[in-house]
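Notes to accompany the following structure.
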Amino acid sequence: MIRKKAERTPTHLQCSSSSIWQKVTNLRTLKQVHALFVVNGFNTGPSAIRELIFASAVSIFGAIDYAHQLFDQIPEPNIFTWNTMIRGSAQSADPGRAVYLYTQMDRRAVRPDHYTFPFVLKACTRLRWVDTGLGIHGRIMKLGFEPNVFTRNTLIYFHANCGDICIAKELFDDSAKRGAVAWSAMTSGYARRGDMDNARQVFNEMLIKDMVSWNVMITAYAKGRDMQKARELFDQVPRKDVVTWNAMISGYVSCGGQKQALEVYEEMRCTGVVPDEVTMLSLLSACADLGDLKMGKKIHSSILLMGPKYLDVLLGNALIDMYAKCGDIDRAVEVFHSMSEKDVSSWNSILGGLAFHGYAKETLELFAEMERKKIRPNGITFAAVLIACSHAGSVKQGQGYFRLMKDGYGIEPNTRHYGCMVDMLGRAGLLAEAFDFVEKMKVEPNAVIWRTLLGASRVHGNVELGRKANEELLKKRHDESGDYVLLSNIYASIDDWNEAETVRNLMDDIGVKKKCGSSLVKASGEDFLLGTLSAESLQTKGFRLNF
DNA sequence: CTAGGGTTAG
């Protein structure tokens, strides 16, 4: 995590400009210090500008643009300053600038040193720029930096994780001294390729394992959704830090083990390891999935207790999502408005939440505000907007936004967007248009879309189109009973009990088991539909808004 | 001043 590193203030900075850098934790105070320097004619110290650059490039999160502005004003930066800029850019949101700086350095005939290469290679790895990385490897050899341990380990990591793992292996085997870093780099490389056997073998052969070695392996299992193996190692690990705990917590969350994730968190608290923002992100996601508002609020207050600097965009977005999914849309809106910095996901989370809760008008109003503020919406934004239109039954408006998405913003609609449109048309009873729309879609309609059409056909009592939708649906899924029940219900709703019976028999023939047994017998009409499609089947298939 | 591990929305 970038902010982790920010907490460390380099020792060389502390001595020259006393302790002001400790207090500079955000861009605003940094600008104040800058102004102070300018007023004093940079008399504060010979390295004032260098320190400013270091602070903005490396220490302060999100100040890299400012660092670039400062850097551009220096006529002849020294190698330290070049390295600082490359380092800061490599860990920023746009690592390509690190590579650009490196080429600029070359052009201006500044010789890179052994600090330079780990930073540039890190950028290449993050960007997955294999060819660029290979070129830099060549330069490293030419300049004789290959034996440098830091450079070598970063090279191993680069080749293992995004290039040719054989090159990584060669470098690894030829290393005079192989420390835990090199071993872990190989482990993570194999794991990233899904080669868990080799990853485990490297891990087992490692004589001296440090905490990261264990964390790499535990994370690999957790990401591969093998929580049993992850847990096994987790129970053996001699020492656990926050990353170890986070690996387990996020692993459980992504495997649907939200309850276990919360249990592990309790365990973590007991051992005294302090959670961080990554822990909180996973936990909020777990609460959202469980709909556990009480726990979600607890996590929220824990975050506030951790200090204001932890409440950033990521956590804010997760909070919005949690409150919305737990049914407290007012709190979600409150969090949204309280955020000083918002990104597209913040808008998406709140728009999705509002649309989800049926606040169609509010969703569209907020979307208008988003456009006024010139925040560029993406596909997820439009999914929320279309859901709102569908919910409000505004077909014309929905079609307008659909066009705006395609033509105005150049966003290619995906199955979700098409699904919203089909749902919108179907609800309005425009069945022919809905079917026509599906015919003309650029993507292959999935089961959800056919099911939507089937549902709409049932509601509007159109047997013929219902049959067609069902045929398509059967091609997609042969393992779900809901579809058959839904079709049989269409016939039932128009008193064609014979046909209804036929479908039921078809189900039995194929061996489909009906999950909700009782509803078929006693229910009729609307109640039947609701009863048959209750809870999980609706929720998991994107029908949450329908009822 | 240097290397390896963790993250929300859909």
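Within every chain, numbering begins at 1; the chains are lettered A, B, ... in the order of the sequence lines, protein sequences first and strands thereafter.
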Among [options], which nucleotide has an atom closest to any side-chain atom of [X]?
| X | options | value |
| --- | --- | --- |
| A:Ser285 | B:dT8, B:dC1, B:dG10 | B:dT8 |
| A:Asp321 | B:dG4, B:dG10, B:dC1 | B:dG10 |
| A:Asn83 | B:dC1, B:dG4, B:dT8 | B:dC1 |
| A:Asp210 | B:dT7, B:dG4, B:dT8 | B:dG4 |
| A:Pro118 | B:dT8, B:dA3, B:dG4 | B:dA3 |
| A:Ser250 | B:dG10, B:dC1, B:dT7 | B:dT7 |
| A:Ser349 | B:dA3, B:dC1, B:dA9 | B:dA9 |

Strand contacts (DNA chain B) in residues 256-267 of chain A, 4.0 angstrom heavy-atom criterion: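 Nucleic-acid contacts, sorted: none.
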
What residues in residues 377-385 of chain A put a non-hydrogen atom under 4.0 Å from any atom of DNA chain B?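 Under 4.0 Å from DNA chain B: no residue of residues 377-385 of chain A.
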
is_close_aromatic([X], [Y]), centroid dist under 6.0 Å:
| X | Y | answer |
| --- | --- | --- |
| A:Phe367 | A:Phe382 | yes |
| A:Trp82 | A:Phe71 | yes |
| A:Phe203 | A:Trp214 | yes |

Check whether any side-chain N or O of A:Lys342 sits under 4.0 Å from OP1 or OP2 of B:dA9, and answer yes or no.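 False: A:Lys342 side-chain N/O out of range (4.0 Å or more) of B:dA9 OP1/OP2.
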
So does A:Lys122 get a side-chain nitrogen or oxygen closer than 4.0 Å to the phosphate oxygens (OP1/OP2) of B:dC1?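 No.
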
Hey, is the side chain of A:Ser345 pairing donor to acceptor with the base of B:dA9 inside 3.5 Å?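 For A:Ser345, whose side chain was compared with the base of B:dA9, there is a donor-acceptor pair (under 3.5 Å).
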
In whole Å, I'd like the distance from the [atom1] atom of [X] to the [atom2] atom of [N].
| X | N | atom1 | atom2 | result |
| --- | --- | --- | --- | --- |
| A:Ile156 | B:dG4 | CD1 | P | 12 Å |
| A:Asn153 | B:dA3 | CG | P | 10 Å |
| A:Phe54 | B:dT2 | CZ | C1' | 11 Å |
| A:His417 | B:dG10 | NE2 | C1' | 10 Å |

On the six-membered ring of A:Tyr409, is A:Arg376 placed so that its NZ or CZ lies under 6.0 angstrom from the centre and within 45° of the ring axis?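 Negative - A:Arg376 is either too far from the ring of A:Tyr409 or too far off its axis.
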
A cation-pi test, strictly: NZ or CZ of A:Lys240 under 6.0 Å from the centre of the six-membered ring of A:Phe234 and no more than 45 degrees from its axis. Yes or no?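 Pair A:Lys240/A:Phe234 counts as cation-pi.
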
Could you tell me whether [X] contacts a base, only the sugar-phosphate backbone, or nothing, with contacts defined as non-hydrogen atoms closer than 4.0 Å?
| X | result |
| --- | --- |
| A:Lys209 | nothing |
| A:Val212 | base |
| A:Ala288 | nothing |

A:Asn246 and A:Ser282: side-chain donor and acceptor closer than 3.5 Å?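 Checked: A:Asn246/A:Ser282 side chains show no N/O donor-acceptor pair below 3.5 Å.
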
Looking only at side-chain N and O atoms, does A:Arg200 offer a donor or acceptor that is under 3.5 Å from a partner on A:Tyr221?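 Yes, side-chain donor-acceptor contact under 3.5 Å.
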
List the atom pairs, with distances to 0.1 Å, where a side-chain N or O of residues 296-308 of chain A and a protein N or O form a donor-acceptor pair under 3.5 Å, not counting sequence neighbours.
residue	atom	partner	partner atom	Å
A:His300	ND1	A:Tyr323	OH	2.7
A:Ser301	OG	A:Lys297	O	3.2
A:Ser301	OG	A:Lys298	O	2.9
A:Ser302	OG	A:Lys298	O	3.0

Are more than 12 heavy atoms from other residues, nucleotides or ligands located less than 6.0 Å from atom CD of A:Glu76?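 Check fails, neighbour count at 12 or below.
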
Checking the side chain of A:Arg126 only, and the main-chain atoms of A:Gln91 only, is there a donor and an acceptor separated by less than 3.5 Å?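 Indeed, once roles are kept as given, a pair shorter than 3.5 Å links the two residues.
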
